[in-house]
Amino acid sequence: MRPSPESLRGLYAITDAGLQPAELLCERVSLAIDGGASMIQYRDKSTDTRLRLKQARALAALCRQHDVRLIINDDVALAADCGADGVHLGRHDTGLSTARRLLGDAAILGVSCYNRLDLAQQAVDAGADYLAFGRFFPSQTKPDAVQADV
């Protein structure tokens, strides 16, 4: 069964591997959960697949312990391997229908829409559970990201 809109409300925190040492990831995510995060997105663009799997599994266990949803950025296979609640997809990632087939009906599927309402409509029509727009303001972690208008 697909997640209800009400189950997707709350503070959505996104990790960034470039902003902390790997050994502090779980500690810092735990602090975000203590601070009220109801969903965590694990975002690591590195090519170290072993480290990414180890961290994703540790975060999945931490999130389950606190009844918090874990979303994996860009990587459907990693989401499946670690038992995450879903995946967040960008423009060049696996398509929504493939992600749904691989992760199942209960998976949370989010889509980046950048600054384009037409992409949002396509994502909704294809079964996305949530949409992301932005960046809206200057960003140190994604300085070259397309800027959306508020």
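We number each residue from 1, following the sequence as shown. Small disclaimer: the values here were computed from a predicted structure and weren't measured. The figures here come from the full heavy-atom set of this structure, side chains too, leaving out hydrogens, waters and symmetry mates.
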* Asked: Measuring from D67:CG to R69:CZ, what's the distance to the nearest 0.5 Å?
  -> 8.0 Å
* Asked: Ignoring hydrogens and geometry, is there a side-chain-to-backbone donor-acceptor pair from D85 to L70 under 3.5 Å?
  -> yes
* Asked: With hydrophobic residues grouped by side-chain heavy-atom distances under 4.5 Å, do L117 and L131 end up in a single group?
  -> yes
* **Separation between CG of L8 and CD of E6, rounded to the nearest 0.5 Å** => 9.0 Å
* Could you tell me whether the side chain of D129 and the main chain of G110 form a donor-acceptor pair under 3.5 Å? => no
* Is there a side-chain contact between V87 and D74, using heavy atoms and a 4.5 Å cut-off? -> no
* Asked: Say you draw a straight line from CZ of R28 to SG of C26; how long is it, rounded to the nearest 0.5 Å?
  -> 12.0 Å
* Asked: Is there side-chain contact between T15 and Q55, with at least one heavy-atom pair below 4.5 Å?
  -> no
* Identified side chain to side chain contact (heavy atoms under 4.5 Å, CB included) partner of I40 from the options I71, I33, L11, I72 -> I33
* If we only count heavy atoms from C-beta on, is the Q147 to S139 side-chain gap below 4.5 Å? -> no
* Give the cluster check for L31 versus L24: same hydrophobic cluster or not, with ILVMFWY residues linked at side-chain heavy-atom distances below 4.5 Å. => no
* Is the closest side-chain heavy-atom distance between N73 and K45 below 4.5 Å? -> yes
* To do: Determine whether V111 and D93 make a side-chain contact, defined as any pair of heavy atoms from C-beta on separated by less than 4.5 Å.
  => no
* Any idea which heavy atoms bring G86 and A79 closest together, and the distance? -> O-CB, 3.7 Å
* To do: Flag the pair L62 / H66 as yes when at least one side-chain heavy-atom distance between them is below 4.5 Å, and no otherwise.
  => yes
* Structure fact -> Residues at least two apart in sequence or cross-chain that pass ring-ring contact (aromatic ring centres under 6.0 Å, His included) with Y130, listed by chain then number, are Y12, H88
* Hey, are the side chains of L119 and Q122 touching, using non-hydrogen atoms and a 4.5 Å cut-off? -> yes
* Taking all atoms of both residues into account, what is the closest heavy-atom pair of P3 and D105, and its distance? -> CD-O, 4.4 Å
* Does A148 offer a backbone N or O that forms a donor-acceptor pair with the side chain of R135 under 3.5 Å? -> no
* Audit row: T49, L78, side chain to side chain contact (heavy atoms under 4.5 Å, CB included) steps and yes/no -> CA-CA 9 Å; T49 54; L78 181 60; over 6 Å; no
* Asked: Taking a hydrophobic cluster as the set of Ile, Leu, Val, Met, Phe, Trp and Tyr residues connected by side-chain heavy atoms closer than 4.5 Å, whether directly or through intermediates, do I108 and L89 fall within one such cluster?
  -> no
* **Name of the residue among D44, T47, D75 meeting side chain to side chain donor-acceptor pair (under 3.5 Å) with R52** => D75
* **Single-linkage hydrophobic cluster, 4.5 Å side-chain cutoff, I14 and V68 together** => no
* S38 (side chain) donor-acceptor with R9 (main chain) under 3.5 angstrom -> yes
